[in-house]
Amino acid sequence: MSLMAADLDRAHHFYGELFGWGFRPTRQGHGRYTIAYTEGGVPTVGIGASSPSAGVSLPVTWTTYFAADSADEVASRVQERGGTVAVGPLEFGSGRVAWAADPDGANFGIWEGDLTSAWWGERRPGAPVWLELRTRDAFEAALFYGQTFGWDTQGRERCDVRFEHDRVVLHIDGKAVAGLRGGAIEAAPDPNVRPRWRVYFCVKDVDEVAERAAELGGGVISLPADTPYGRIAALRDPEGGIFSVAAVRKGPADGDPDGCS
């Protein structure tokens, strides 16, 4: 996951206060870019400063990245299956990156290179715990992403896609890591309703974090509510970046009772 912020210092203050992240500068990218660390020094996400040219204001957004052995091959498969590649693949720090969109317009990144974040399955406070795609048709989206990233060729021991709790759920190595839900509307004026990938960060108390986000200048998009995966809320940062938080009672559909500890 990475966030491109208009004001990097402001983003550091908001997310640092909200999740207790620390930040370290890195050479990744061509502008100011930092890696956020949870308590204990575990790398979790990247945050960079957008560099608008010619006075163009770029939207502040969280982007989901998928790992690839070859960014060029995956970018070709995106286009073959009706998606678009907006930028790249190009050299980016220690790897190669491309920014793309699926056929319904949900943006995502493709990353070829070293993977520094080891958050999958950790469920530690402040770390991403779940990814969810709101899209027009979850089954069509599952076919697009499955074929693009080879979910259907890695065997059920590695990747398993199931329908459960009104969504398509991707399991990797036995862990439920992402859900795909239908009902999004591409032309909706509300960005919260348009097709998009959303990140959920693990917290101990969703209600407390939602209140704190508002105090720090952000906002609450949807109030805290209980779900089959635990208590969640949708929030925005002071510059409009949308994200969610979850207090996981059990691992999403994998029966892990430890939650966010």
Side-chain angles (χ1 to χ4, degrees), residues 1-2 45 61-68 74-75 77-86 98-111 119-121 123 127-188 190-202 221-222 225-230 232-234 242-246 248 250-256:
M1 296 301 305
S2 77
V45 298
T61 183
W62 281 98
T63 300
T64 297
Y65 289 80
F66 294 92
V74 171
R77 292 200 291 268
V78 167
Q79 294 172 316
E80 290 168 0
R81 287 159 177 78
T84 57
V85 177
W99 287 276
D102 67 22
D104 287 320
N107 297 320
F108 61 94
I110 303 164
W111 173 254
W119 65 266
W120 288 112
R123 297 194 185 92
V129 69
W130 178 249
L131 298 172
E132 188 158 279
L133 174 68
R134 292 300 303 272
T135 187
R136 178 183 55 82
D137 186 306
F139 295 100
E140 287 186 11
L143 287 173
F144 169 82
Y145 286 97
Q147 293 171 358
T148 296
F149 291 102
W151 295 348
D152 52 350
T153 63
Q154 298 187 47
R156 291 181 67 89
E157 298 81 8
R158 173 65 174 161
C159 293
D160 184 18
V161 181
R162 312 173 195 168
F163 184 77
E164 52 194 43
H165 296 305
D166 76 3
R167 72 203 71 192
V168 176
V169 178
L170 170 66
H171 297 252
I172 298 179
D173 294 335
K175 293 286 186 181
V177 296
L180 294 80
R181 297 182 61 187
I185 303 171
E186 186 173 358
D190 182 356
N192 195 44
V193 183
R194 297 176 203 151
R196 63 184 301 123
W197 281 98
R198 177 174 294 168
V199 58
Y200 287 71
F201 293 104
C202 198
I221 296 173
S222 61
D226 291 322
T227 75
Y229 302 114
I232 66 171
I242 296 173
F243 63 99
S244 296
V245 292
V248 182
K250 60 181 180 178
D254 65 11
D256 183 347

Under the rule for side-chain contact (heavy atoms from CB on, under 4.5 Å), what residues qualify as partners of Glu140, not counting sequence neighbours? Arg136, Asp137
Does the side chain of Pro128 come within less than 4.5 Å of Val199's, by heavy atoms? yes
Are the aromatic rings of Tyr145 and Phe108 close, with centres under 6.0 Å apart? yes
Taken to the nearest 0.5 Å, the spacing of Phe243 CZ from Trp62 CH2 works out to 8.0 Å
Can you see which heavy atom on Trp197 is nearest to which on Thr64, and at what distance? CB-OG1, 3.5 Å
Would you say Asp102 and Leu133 make side-chain contact, with heavy atoms under 4.5 Å? yes
Using every non-hydrogen atom in the two residues, find where Arg77 and Thr148 come nearest and quote the distance to one decimal. NE-O, 2.8 Å
Between Ala142 and Leu180, the two heavy atoms sitting closest are N-CD2, 3.8 Å
Assess whether side-chain contact (heavy atoms from CB on, under 4.5 Å) is satisfied between Arg162 and Val168, documenting all intermediate values. CA-CA 6 Å; Arg162 312 173 195 168; Val168 176; over 6 Å; no
Between Val161 and His171, is there a side-chain heavy-atom distance shorter than 4.5 Å? no
Sequence-distant partners of Gln147, side chain to side chain donor-acceptor pair (under 3.5 Å), two or more places apart: Arg81
Test of understanding: with side-chain contact (heavy atoms from CB on, under 4.5 Å), list the residues that count as partners of Thr61, not counting sequence neighbours. Thr63, Arg196
Do Val85 and Trp99 pass the side-chain contact (heavy atoms from CB on, under 4.5 Å) test, and can you show the C-alpha distance, the side-chain angles, and the key distance before you say yes or no? CA-CA 6 Å; Val85 177; Trp99 287 276; over 6 Å; no
Residues at least two apart in sequence or cross-chain that pass side chain to side chain donor-acceptor pair (under 3.5 Å) with Ser2, listed by chain then number, are Tyr65
Please enumerate all residues that pass side-chain contact (heavy atoms from CB on, under 4.5 Å) together with Ala68, with sequence neighbours excluded. Val74, Ile110
Checking Arg167 now: which residues fulfil salt bridge (Lys or Arg N to Asp or Glu O under 4.0 Å) with it, not counting sequence neighbours? Glu132
Tyr200 to Val245 - nearest heavy-atom pair and separation: CD2-O, 4.2 Å
I need the minimum non-hydrogen distance between Gly182 and Ala138, along with the two atoms involved. N-CB, 3.9 Å
Does Thr135 have any side chain to side chain donor-acceptor pair (under 3.5 Å) partners at least two apart in sequence or in another chain, and if so, which? Asp104
For Ala101, enumerate each residue passing the side-chain contact (heavy atoms from CB on, under 4.5 Å) test, keeping only those at least two apart in sequence or located in another chain. Thr84, Asn107
Indicate yes or no: at least one non-hydrogen side-chain atom of Phe139 is less than 4.5 angstrom from one of Phe163. yes
Shortest non-hydrogen contact between Phe144 and Val78, atoms and distance: CE1-O, 3.8 Å
